[in-house]
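Sequential numbering from 1 along the given sequence is applied to the chain's residues.
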Amino acid sequence: MIRRRSTPWIHKWSRPAIATIAGFGILNTGYLTYEKLTGSTPVCTTPENVKGCVDVLSSPWATVLGQPLPVFGLLAYMGMLILALAPLALNAGENHKSQKQLENLTWWLLFVGAIAMSVFSGYLMYVLAFQLKALCPYCIASALFALTMLVLTVMGRDWEDIGQLLFTAVIVAMVTLIGTLGVYSQVNPSGNITESTDGKPTAITFTPKEQPNPDFGWEITTKSGAAEIALAQHLVKSGAKEYVAYWCPHCHEQKLLFGKEAYQIINDNSKVECAGDSPNGKPELCKAAKIEGFPTWIINGKSYSGVQTLEELGKITGYTGPKNFKYFR
């Protein structure tokens with residue numbers, strides 16, 4: 001009598017486990033996508049004097065091809081969920097051969113997806129630790145989700161050709177890393193901003209290299225275009241108020257997005273300085289407005305914390321003028 005070998009538990013439950021983790025990833029990135037698109041601030045608790053989620057999600061690395069990074073994470077997790085559950089939805093009794101083919105195909109796609117997500121997440125963890133020097137629980141959770149799905153994908157079935165598996169892993173990892181570096185090639189962590197010569201928007205970021213001036217903070221080194229000036233004028237007319245502190249680097253990043261000429265309009269009409277040691281400081285107004293972080297925009301009675309892209313400010317206030325903005329982050 002030949003005893004049939006029992007199926008290892010990891011092989012039996014790997015697909016449901018991958019689907020479950022992908023579900024958590026969907027909740028994680030879906031929440032961040034909603035917060036980003038609505039201009040809200042995600043719930044995030046970090047130790048004092050440590051950069052947090054708002055700093056990470058408003059950094060240049062949080063935008064890919066002009067779209068919020070969580071959107072791409074959401075799509076990736078949805079794809080992994082579909083691939084994990086697809087063979088389980090097919091009735092094996094009706095078409096065993098088709099199910100086997102679908103299982104093999106989806107296992108390879110799951111493996112490729114898990115490798116790509118893990119490499120991309122690894123790069124973002126490097127940025128988080130060494131460039132931003134921040135703590136983002138959502139980002140760390142997403143990286144752990146990707147790595148766990150990769151482990152489950154590798155251990156979740158009997159791979160017949162280990163050599164082909166390793167070869168595929170190396171190729172996918174290299175392509176993902178090269179693509180990632182290419183996508184972020186415009187991000188300049190030094191803070192030095194070079195004007196684009198091809199008419200495309202320029203990525204901005206800012207790292208202080210000198211102490212701020214209590215009168216104005218740091219000098220604005222970007223130049224405004226017609227779109228930035230038109231938006232600034234529109235914000236003033238709509239009654240938008242920006243609450244800042246001269247020593248806040250993120251407040252300066254907001255200024256860089258507008259450019260010198262456009263921000264002068266904001267500065268003269270809509271800016272409220274919250275630092276008490278500034279000659280222009282009006283901390284009592286900031287306290288009355290219940291400002292907890294900088295910069296904060298109050299538009300139509302609603303508060304928007306963190307650096308806002310010009311597109312977001314335009315969307316919030318119903319701006320219909322030119323939108324060929326020169327800078328993004």
Side-chain angles (χ1 to χ4, degrees), residues 39 54-55 57-63 65-68 184-275 278 280 294-299 304-329:
V54 174
D55 301 282
L57 295 174
S58 62
S59 72
W61 286 275
T63 302
L65 303 176
Q67 300 299 321
Y184 287 121
S185 61
Q186 287 188 315
V187 175
N188 184 358
S190 68
N192 297 321
I193 302 169
T194 302
E195 292 282 346
S196 172
T197 58
D198 57 6
K200 295 181 179 180
T202 301
I204 68 102
T205 186
F206 176 68
T207 302
K209 297 185 181 300
E210 58 186 16
Q211 292 299 314
N213 187 312
D215 285 323
F216 57 85
W218 294 274
E219 182 181 356
I220 301 175
T221 56
T222 53
K223 296 181 180 180
S224 306
E228 286 80 11
I229 293 174
L231 175 62
Q233 293 171 340
H234 171 78
L235 290 172
V236 170
K237 290 180 180 179
S238 65
K241 291 292 182 183
E242 184 198 20
Y243 294 81
V244 303
Y246 74 85
W247 42 258
C248 165
H250 294 303
C251 299
H252 190 68
E253 288 183 345
Q254 186 73 80
K255 298 176 184 179
L256 293 174
L257 285 176
F258 278 99
K260 187 173 183 179
E261 296 79 8
Y263 195 78
Q264 188 62 49
I265 299 172
I266 301 292
N267 184 76
D268 293 341
N269 300 279
S270 297
K271 188 189 82 171
V272 179
E273 174 61 60
C274 295
S278 170
N280 309 309
F294 309 111
T296 294
W297 290 85
I298 293 186
I299 302 172
Y304 300 87
S305 300
V307 181
Q308 305 297 315
T309 67
L310 302 194
E311 290 83 356
E312 289 170 339
L313 289 173
K315 181 179 179 180
I316 293 167
T317 57
Y319 171 69
T320 58
K323 297 179 182 179
N324 54 327
F325 301 118
K326 296 175 63 177
Y327 311 101
F328 71 93
R329 68 187 302 276

Practice problem: Nearest 0.5 Å please: distance from the CH2 atom of Trp218 over to the CD atom of Gln211. | Solution: 8.0 Å
Exercise. Please list, chain by chain and in numerical order, all residues satisfying side-chain hydrogen bond (donor to acceptor under 3.5 Å, both in side chains) with Tyr243, sequence neighbours excluded.
Key: none
Self-check item: side chain to side chain contact (heavy atoms under 4.5 Å, CB included) evaluation trace for His250 with Glu253
Solution: CA-CA 5 Å; His250 294 303; Glu253 288 183 345; 3.3 Å; yes
Quiz prompt | Closest non-hydrogen atom pair, Tyr246 against Asn213 | solution = CD1-O, 3.5 Å
Quiz prompt | Partners meeting ring-ring contact (aromatic ring centres under 6.0 Å, His included) with Trp247 (sequence neighbours left out) | solution = Phe294
Quiz item: Considering all heavy atoms of both residues, which atom of Gly259 and which atom of Ile220 are nearest to each other, and what is their separation?
Solution: C-CG2, 3.8 Å
Quiz item: Got more than 12 heavy atoms from elsewhere within 6.0 Å of CD, Glu311?
Solution: yes
Self-check item: Candidates Glu228, Glu242, His252 - the one meeting side chain to side chain donor-acceptor pair (under 3.5 Å) with Tyr263
Solution: Glu242
Quiz item: Atom CG of Leu257 and atom CG of Leu231: how far apart are they, to the nearest 0.5 Å?
Solution: 10.5 Å
Practice problem: Please answer whether the main-chain N or O of Phe258 pairs with a side-chain N or O of Ser224 as donor and acceptor at a distance below 3.5 Å. | Solution: yes
Quiz prompt | Closest non-hydrogen atom pair between Gln254 and Leu310, with its separation | solution = NE2-CD2, 4.3 Å
Exercise. Rounded to the nearest 0.5 Å, what's the gap from OH on Tyr304 to CG on Leu313? Could you check?
Key: 9.5 Å
Quiz item: Do Lys223 and Glu261 come close enough that some side-chain heavy atom pair is under 4.5 Å?
Solution: yes
Show me the donor-acceptor pairs, under 3.5 Å and distance only, between side chains in residues 232-239 and residues at least two apart or in other chains.
from, atom 1, to, atom 2, distance (Å)
His234, NE2, Thr317, O, 3.0
His234, NE2, Thr317, OG1, 3.2
Ser238, OG, His234, O, 3.3
Ser238, OG, Leu235, O, 2.9

Quiz prompt | Lys323 side, atom NZ; Thr320 side, atom OG1 - distance, nearest 0.5 Å | solution = 7.5 Å
Practice problem: Not counting sequence neighbours, which residues clear side-chain hydrogen bond (donor to acceptor under 3.5 Å, both in side chains) with Thr296? List them please. | Solution: none
Exercise. Search all heavy atoms of Gln308 against all heavy atoms of Trp297 and return the closest pair with its distance.
Key: CG-CD1, 3.7 Å
Practice problem: Hey, could you give me the OH/OG1 distance between Tyr327 and Thr222, rounded to the nearest 0.5 Å? | Solution: 4.5 Å
Quiz item: Got a sec, which residues hit side-chain hydrogen bond (donor to acceptor under 3.5 Å, both in side chains) with Glu273, two or more places apart in sequence or on another chain?
Solution: none
Self-check item: For Cys251, all residues meeting disulfide (SG to SG under 2.5 Å), sequence neighbours excluded
Solution: none
Quiz item: Going from NZ on Lys255 to CD on Glu219, what distance comes out if it is rounded to the nearest 0.5 angstrom?
Solution: 11.0 Å
